[in-house]
Novice: 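Take this structure, written in structure tokens, and hold onto it; I'll ask about it next.
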Amino acid sequence: LPLGWYVADAMSGLVHMLMDYHPCRPGVGLKEMFFYEGNRSSEDYLALRARTLKKLSFFETVSFDFKTHHPRPNALGRRTFEHQTLSLTVVLLPAFVGLNAALLLQVLDSASVALFLWVALSGMLLSQYLHGTLHRKKNPALIDWMRRSHLLITEPAHDLHHATLNRDFATINGWSNPILNHVFNALQKRGWFDP
């Protein structure tokens with residue numbers, strides 16, 4: 001169980017790193033959306049958003065959505081569970097189906113391996129939702145209990161990422177941050193992530 005939860009945390013951090021540093025395509029309106037100064041409920045902004053998002057691929061939309069939570073972190077906390085898990089469901093559903101098929105067909109007969117995979121995949125699926133809980137004041141009692149039990153990262157620990165944007169990318173429990181910080185620094189030195 002702990003190993004699966006650790007792997008889910010590490011994957012959340014790697015994805016977060018990639019999303020934060022993957023460059024946006026210029027000239028499609030993302031800059032205008034990102035730096036929009038008016039009311040984001042206005043007809044003007046909503047029309048800009050609709051025009052711009054229509055030009056983006058699925059990955060570009062997810063990446064941009066990830067980036068926008070840095071200047072407005074509470075916006076992530078206002079998103080629905082469905083919004084926060086949809087992009088991950090698209091990616092992880094085949095893995096869940098494959099795991100179930102392997103168990104039903106008895107290709108995988110190790111309960112320990114199956115449990116590890118279920119915990120890791122479930123954590124990955126919930127990673128963006130759990131990230132969102134860091135950016136809102138009221139959460140379900142289970143989330144608060146898991147945070148007090150150190151099964152989930154705390155707001156002050158996650159604030160270190162928001163203060164620097166170059167460390168502590170993991171969003172589930174932060175257990176993998178020491179290793180991921182070394183990974184990020186090594187990749188940045190090789191020019192993968194522009195400061």
Side-chain angles (χ1 to χ4, degrees), residues 1-25 30 34 57-77 79 84-85 87-92 94-96 99 112-136 139 143-195:
L1 290 173
L3 183 59
W5 204 232
Y6 180 91
V7 167
D9 184 61
M11 292 302 296
S12 79
L14 289 170
V15 169
H16 192 162
M17 199 181 296
L18 176 65
M19 294 295 155
D20 279 358
Y21 281 87
H22 184 270
C24 289
R25 188 163 33 116
L30 292 174
F34 192 83
S57 70
F58 178 75
F59 178 79
E60 288 173 314
T61 303
V62 172
S63 180
F64 180 75
D65 193 41
F66 220 94
K67 288 172 183 23
T68 60
H69 100 277
H70 285 290
R72 291 173 296 284
N74 292 340
L76 182 62
R79 303 258 167 81
Q84 292 173 327
T85 57
S87 60
L88 292 163
T89 301
V90 169
V91 174
L92 293 172
F96 275 108
L99 176 59
S112 298
V113 172
L115 186 59
F116 161 77
L117 291 171
W118 261 103
V119 169
L121 290 170
S122 297
M124 287 182 241
L125 177 64
L126 294 172
S127 63
Q128 190 64 345
Y129 168 74
L130 296 172
H131 186 184
T133 66
L134 291 161
H135 298 295
R136 68 170 155 254
N139 287 301
I143 297 295
D144 294 335
W145 176 84
M146 290 179 76
R147 199 154 278 138
R148 285 192 307 274
S149 302
H150 304 285
L151 294 171
L152 295 178
I153 195 169
T154 63
E155 288 97 348
H158 183 61
D159 287 345
L160 293 172
H161 171 71
H162 280 265
T164 63
L165 302 182
N166 64 5
R167 61 175 287 188
D168 298 338
F169 290 89
T171 61
I172 295 178
N173 53 45
W175 299 348
S176 65
N177 276 330
I179 290 174
L180 289 179
N181 289 341
H182 288 296
V183 168
F184 176 80
N185 291 333
L187 293 175
Q188 192 173 49
K189 283 178 186 171
R190 288 175 174 75
W192 282 38
F193 301 124
D194 290 333

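Residues take their numbers from the sequence shown, with the count starting at 1.
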Novice: Taking Asp65's backbone N and O only, do any of them form a donor-acceptor pair with Thr68's side chain (distance below 3.5 Å, no angle check)?
Specialist: yes
Novice: Could you walk me through whether Tyr6 and Ile179 pass side-chain contact (heavy atoms from CB on, under 4.5 Å), step by step?
Specialist: CA-CA 11 Å; Tyr6 180 91; Ile179 290 174; 3.2 Å; yes
Novice: Where is the tightest heavy-atom contact between Pro71 and Phe34, given as atom of each residue plus distance?
Specialist: CG-CZ, 3.6 Å
Novice: Rounded to the nearest 0.5 Å, what separates atom CG in Leu165 from atom OH in Tyr21?
Specialist: 6.0 Å
Novice: Given side chains that start at C-beta, do those of Leu76 and Gln84 come closer than 4.5 Å, heavy atoms only?
Specialist: yes
Novice: Do Arg147 and Asn139 come close enough that some side-chain heavy atom pair is under 4.5 Å?
Specialist: yes
Novice: State, with a plain yes or no, whether a side-chain heavy atom of His16 is found less than 4.5 Å away from one of Leu180.
Specialist: no
Novice: Output the distance between atom CG (Asn185) and atom CD (Gln188), rounded to the nearest 0.5 Å.
Specialist: 6.5 Å
Novice: Quick one: are Trp192 and Leu18 in side-chain contact, heavy atoms under 4.5 Å?
Specialist: no
Novice: Can you find a heavy atom in the side chain of Ser127 that is under 4.5 Å from one in the side chain of Leu88?
Specialist: yes
Novice: Locate the shortest heavy-atom distance separating Ala120 from Val7; write the atom from each residue and the value.
Specialist: CB-CG1, 4.3 Å
Novice: How far apart are the closest heavy atoms of Asp9 and Gly174, and which atoms are they?
Specialist: OD1-N, 3.0 Å
Novice: Is a side-chain donor or acceptor of Trp175 paired with a backbone partner of Ala170 at a separation under 3.5 angstrom?
Specialist: no
Novice: Distance check, rounded to the nearest 0.5 Å: Asn181 atom CG versus Asp168 atom CG?
Specialist: 4.5 Å
Novice: Hey, can you tell me if His158 and His131 have their rings parallel, tilted or perpendicular (30° and 60° cut-offs)?
Specialist: perpendicular
Novice: Does some side-chain heavy atom of His162 sit less than 4.5 Å from a side-chain heavy atom of His69?
Specialist: yes
Novice: Are His22 and Phe59 close enough that their ring centers fall under 6.0 Å?
Specialist: yes
Novice: Is the shortest heavy-atom distance from the side chain of Leu130 to the side chain of Ile143 under 4.5 Å?
Specialist: yes
Novice: Whether the Asp20 and His70 side chains hold a donor-acceptor pair (N or O, under 3.5 Å, no angle test) is what I'd like checked.
Specialist: yes
Novice: Tell me, yes or no, whether the heavy-atom count around Leu187 atom CG, taken from other residues, nucleotides or ligands under 6.0 Å, exceeds 12.
Specialist: yes
Novice: Determine whether Ile153 and Asn177 make a side-chain contact, defined as any pair of heavy atoms from C-beta on separated by less than 4.5 Å.
Specialist: yes
Novice: So, Thr171 side chain and Ser12 main chain: donor-acceptor pair closer than 3.5 Å or not?
Specialist: no
Novice: For the atom pair CE (Met124) and CH2 (Trp5), what is the distance rounded to the nearest 0.5 Å?
Specialist: 10.5 Å
Novice: Quick one: OG1 on Thr85 to CG on Leu125, what's the gap to the nearest 0.5 Å?
Specialist: 6.0 Å
Novice: So, Phe96 versus Trp118, ring centres under 6.0 angstrom or not?
Specialist: yes
Novice: State the OG-CZ distance between Ser87 and Phe58, to the nearest 0.5 angstrom.
Specialist: 5.0 Å
